[in-house]
Asks: 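Following this message is one structure expressed as structure tokens.
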Amino acid sequence: MPDPTPRRLLVTSALPYANGPIHIGHLVEYLQTDIWVRFQKLRGNRCVYVCADDTHGTAIMIRARQEGRTEADLIAAIKQEHESDFADFQIEFDNYGSTHSPENERLCGELWAKIRAAGLVTEKNVEQLFDPQAGTFLADRFVRGTCPQCGATDQPGDNCSSCGAAYTPAELIHPRSTLSGATPEVRSAPHEFIALEKLHGFLREWVDTSGALQNEIANYLKGHFLGSKDKPLELRDWDVSRPAPYFGFEIPDSPGNYWYVWFDAPIGYIASTQQWCDKQGESLDDWWRSDACEIHHFLGKDITYFHTLFWPGMLKTAGLSLPTKVHIHGFLTVDGEKMSKSKGTLVNARTYLNHLDPQPLRYYYASKLSSRVDDFDLTLDDFVTKVNTDLVGKVVNLASRSAKFVEKTGLSAKYPDDGGLFAAGAAAATEIAAAYERTDYSQAMRLIMALADRANPFVEENKPWALRKDLSQADRVQDICTIALNLFRQIAIYLAPVLPRLAEQTGALLGEPITRWDQSQTPLVGTPVNKFQHLMQRVEPEKVQAMMEESLAESVDKKAPAETPATAGNDALTAALAKYNDGPEPLTAEPLAEECVFDDFLKVDLRVARVVEANHVEGADKLLQLTLSLGGGVTRNVFAGIKKAYPPEELVGRLVMYVANLAPRKMKFGISTGMVAASGPGGEEVFLLSPDEGAKPGQRVH
RNA sequence: GGCCCGGUAGCUCAGUCGGUUAGAGCAGGGGACUCAUAAUCCCUUGGUCGGGGGUUCGAGUCCCUCCCGGGCUACCA
């Protein structure tokens, strides 16, 4: 049952920022959207899914600078990563663009002109901190200093994490730029503002009556920004420009000023549509200036503000279509906690893919997502059991237990009496479709699994494996498997938006591709059945474990270099570091080794040992021969390359660090058993390690 | 502090307009089966629906209040 008249739908996901990789939190949104888009296409609707990288702003500019490359270079590389991550998660965009595109620049200019013509633009001077060393204005988060209220040091530029006071970065005592460590100065520059308050009436009307927003979102907007009807709040002017230098588009009628990233980002939706239109020979007006086209935005609750006030305001002023629906989702937690880099729970898409197939995550998210703004939890144990039980145990099992019995005969010519199972499944299509339509995927998944729960007992009761032994029952076996496979196929169709690969494989198995929702209404009969192949692998807990470990390892790797500039933020630490002024050469010469686990460390048996003899070695330039005591009369013979740094007589009696279980090594002058630990590049610069007073020979170091 | 969302079985969650003995899946226990990726099927244990009060013939559901968790926001509603 397709919709009576095909709808035209333009669908967007929020634009990921070109400053980092896609992680499993982002994926909630792209998977939610992709499932919806696939559902719409399966239903026969005309649906176009556009997205783009969000590339502008100070953060990108700074990062490019730090990495010594151009912004264009940086954002091109990130875009490639993003696109391959999405593709490998089976997220299919009709167009994936960039906000740094000619189409976007042109459209920004067009919208800007309309907004200016409507009299909404005002100019005001803004005092902002300027980093004289980096030569750039500083966003609040690039400034840290001492809280003017409570005196806590190293606080962010907008509010104090200690006492909660709110202030401007200019009010900080001892402010410092986190970019250069320099003391910023206050500079004044003209900024362009959009007077949103002039659209107050329109926005209130839209929030109240358009039906585009979830209830809780409408409440939130009224509570925080619009105010109640009898007690309206004033909408603040929106600062939409940034002075140079800024990576973005220069405002044509305000030279030296650039559009703020949040001005050009949503316009990126239109620009991406434009690119798609150009490729398809379509007209942009049919998508952005047509009542016949629905516009659906999917985004996270963190950016509600931009998409539900500014964006409709901009669209309205520019004479473009308003969003039909803004689908706002909550955040992902992992094992009940906020995702955290340091805990490794903020798993990158690529890290996931290194260990697991995308379909389990697609299904798991679907089974948890509703049309509400609630957060939901990725419970790792639950993830494993749910996916394995539902998809492998129930759904795929239907095919895998019946397909091979009909490999030779194919499906029965006529659909047999199944006691109404297929018809009941067909009837469920309406309810399942309605759940998908309102993005209540968890409900859809429950309804679909209920079908699988009815199909398996059918196979159980009819025992094709037993009947098969009786040749006279061959037709009956074929009938039973025809039913089982059709029930399976019906489920695969319903799951196709979530599990596109399974749908493809099902199409291949039964010789008819799954392309339309209404294929669920008619059983397949009289067609051959291909050789059955595994349709899905179960999720092994060990792989999930390995993924989490890799994720944790990544977060540790990245932390070390990132912390170097970040120390500029901490007064006491900065002072301490300055006092000792240790240079970077040793670390540079020999970077930190790959992480190992404690068990790895334990493999090395480090012991305290006493040097009881130390002798020159005849004919050796660098070596001394040492006899080490581990106490209790246990001694070891070691050749150590420390001759140029230590005269033997100075060594006798002292304690050293001894690598006790190193495999003995035959040398020109004898066998060396283990080694003495020392640092330094070698030659005269060798520094033996010794334990503090009190250590005893033979003690293990750990 | 304000606002919003939650609290239902060990876990993850359904529960329509207030309507009979509160449901599912997983986990636990017992059994069956052996076609299927140790998959499947049948039976089964388990809940003062966060506490208290109220409205009602009847409350998981509506109202008040308190407690707990999460989110947003911040001296402004």
Side-chain angles (χ1 to χ4, degrees), chain A residues 149 158-160 163-167 214-236 300-305 328-333 335-338 357 364-365 367-407 431 434-435 440-469 477 480-481 484-485 488 532-540:
Chain A
Q149 187 132 335
D158 49 356
N159 65 78
C160 176
C163 73
Y167 42 73
Q214 290 132 297
N215 280 333
E216 57 258 60
I217 298 294
N219 285 340
Y220 161 78
L221 294 176
K222 284 185 271 190
H224 286 84
F225 305 106
L226 296 165
S228 60
K229 231 171 202 144
D230 34 313
K231 218 177 162 191
L233 295 169
E234 190 174 328
L235 292 165
R236 269 177 279 177
K301 62 183 181 181
D302 52 330
I303 52 175
T304 295
Y305 182 67
I328 298 178
H329 61 80
F331 292 151
L332 180 72
T333 56
D335 276 342
E337 290 184 40
K338 224 181 206 174
D357 182 83
Y364 190 75
Y365 280 6
S367 78
K368 291 272 192 159
L369 276 166
S370 75
S371 52
R372 301 205 304 192
V373 192
D374 304 342
D375 294 352
F376 76 88
D377 189 47
L378 166 61
T379 317
L380 293 169
D381 290 345
D382 186 45
F383 169 62
V384 174
T385 56
K386 189 169 197 69
V387 168
N388 289 345
T389 303
D390 288 359
L391 296 185
V392 181
K394 290 178 183 168
V395 175
V396 165
N397 187 234
L398 273 172
S400 104
R401 70 193 308 194
S402 54
K404 74 174 191 185
F405 297 149
V406 282
E407 262 168 28
E431 207 184 340
D440 196 354
Y441 303 159
S442 60
Q443 170 79 347
M445 296 307 107
R446 270 195 303 278
L447 291 167
I448 296 168
M449 283 311 136
L451 302 181
D453 282 335
R454 271 174 261 159
N456 272 306
F458 169 83
V459 179
E460 201 75 19
E461 282 158 24
N462 286 282
K463 300 187 182 12
W465 57 90
L467 295 179
R468 198 167 58 116
K469 290 169 187 158
V477 170
I480 292 162
C481 294
L485 285 171
F488 164 71
F532 181 78
Q533 293 172 337
H534 264 22
L535 297 173
M536 195 175 288
Q537 292 214 316
R538 39 187 51 243
V539 175
E540 290 166 40

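Values below: all heavy atoms of this structure, side chains included; hydrogens, waters and symmetry mates excluded. Convention: sequence-line order gives letters A, B, ...; per-chain numbering from 1.
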Asks: Is A/M536 touching bases, backbone alone, or none of the nucleic acid, heavy atoms closer than 4.0 Å?
Replies: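 If one applies the 4.0 Å heavy-atom cut-off, A/M536 turns out to touch a base.
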Asks: Rounded to whole Å, how long is the line connecting atom CG of A/L233 with atom P of B/rC3?
Replies: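 Taking CG of A/L233 and P of B/rC3, I get 14 Å after rounding.
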Asks: For B/rC35, does either OP1 or OP2 sit under 4.0 Å from a side-chain N or O belonging to A/K404?
Replies: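 Result: no.
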Asks: Is the ring of A/H534 stacked on the base of B/rU37, with centres less than 5.5 Å apart and planes under 30° off?
Replies: yes
Asks: Can you name the side-chain hydrogen bond (donor to acceptor under 3.5 Å, both in side chains) partners of A/S371, sequence neighbours left out?
Replies: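 By the side-chain hydrogen bond (donor to acceptor under 3.5 Å, both in side chains) rule, A/S371 matches no residue at all.
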Asks: Using Watson-Crick or G-U wobble pairs with both distances under 3.5 Å, give me RNA chain B in dot-bracket, 5' to 3', with [ ] for crossers and | for pairs to another strand.
Replies: (((((((..((((.....[...)))).(((((.......))))).....(((((..]....))))))))))))....
Asks: Counting the atoms with a prime plus P, OP1 and OP2 as sugar-phosphate, which does A/K463 contact under 4.0 Å by heavy atoms, base, sugar-phosphate, or nothing?
Replies: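 It contacts nothing in the nucleic acid.
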Asks: Extract from the structure each pairing of a protein N or O with an N or O of nucleotides 26-32 of chain B at less than 3.5 Å, listing the distance.
Replies:
none

Asks: Over all strands shown, is A/V373 touching base, sugar-phosphate only, or nothing at heavy-atom distances under 4.0 angstrom?
Replies: nothing
Asks: Among B/rG2, B/rA36, B/rU12, which nucleotide has an atom closest to any side-chain atom of A/S400?
Replies: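 Of B/rG2, B/rA36, B/rU12, B/rA36 is nearest to the side chain of A/S400.
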Asks: Excluding sequence neighbours, so at least two apart, what forms side chain to side chain contact (heavy atoms under 4.5 Å, CB included) with A/Y220?
Replies: A/H224, A/F225, A/T304
Asks: Take atom CD of A/E407 as the centre, draw a 6.0 Å sphere, and report whether it contains more than 12 heavy atoms from other residues, nucleotides or ligands.
Replies: yes
Asks: Between A/K469 and A/N456, which residue's closest nucleotide on RNA chain B lies nearer the 5′ terminus?
Replies: A/K469
Asks: Under the ring pair (Phe, Tyr, Trp, His ring centres under 6.0 Å) definition, can you give me all pairs with a residue in residues 443-466 of chain A, not counting sequence neighbours?
Replies: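 Every candidate ring pair (Phe, Tyr, Trp, His ring centres under 6.0 Å) pair involving residues 443-466 of chain A fails, so no pair, neighbours aside, qualifies.
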Asks: Of A/L535 and A/K386, whose closest RNA chain B nucleotide lies nearer the 5' terminus?
Replies: A/K386
Asks: For B/rC4 versus B/rA22, give the span between their C1' atoms, rounded off to a whole number of Å.
Replies: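 One C1' to the other, the span is 28 Å.
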Asks: Send over the distance from A/K301 NZ to B/rG71 C1', rounded to a whole Å.
Replies: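 Result: 5 Å.
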Asks: For a quick check of understanding: with a heavy-atom distance under 4.0 Å over all strands, which category does A/P464 fall into, base, sugar-phosphate or nothing?
Replies: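 Result for A/P464 = nothing.
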Asks: Please determine whether a side-chain nitrogen or oxygen atom of A/R538 lies at a distance below 4.0 Å from atom OP1 or OP2 of B/rA39.
Replies: yes
Asks: If you only use heavy atoms from C-beta on, which nucleotide in B/rA14, B/rG71, B/rC42 is closest to the side chain of A/R446?
Replies: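 When the side chain of A/R446 is considered, B/rA14 is the closest of B/rA14, B/rG71, B/rC42.
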Asks: Please write out each protein N/O paired with an N/O of nucleotides 5-8 of chain B under 3.5 Å, distance rounded to 0.1 Å.
Replies:
unit_1	atom_1	unit_2	atom_2	d
B/rC5	O2'	A/D374	OD1	3.4
B/rG6	OP1	A/R372	NH1	3.0
B/rG6	OP1	A/R372	NH2	3.4

Asks: Roughly how many Å apart are B/rC41 and B/rA36, using the P atom of each and rounding to a whole number?
Replies: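 Going atom to atom, P in each nucleotide, I get 16 Å.
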Asks: Quick one: pull up OG in A/S402 and CG in A/N462 and give me the separation to the nearest 0.5 Å.
Replies: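 Answer rounded to 0.5 Å: 12.0 Å.
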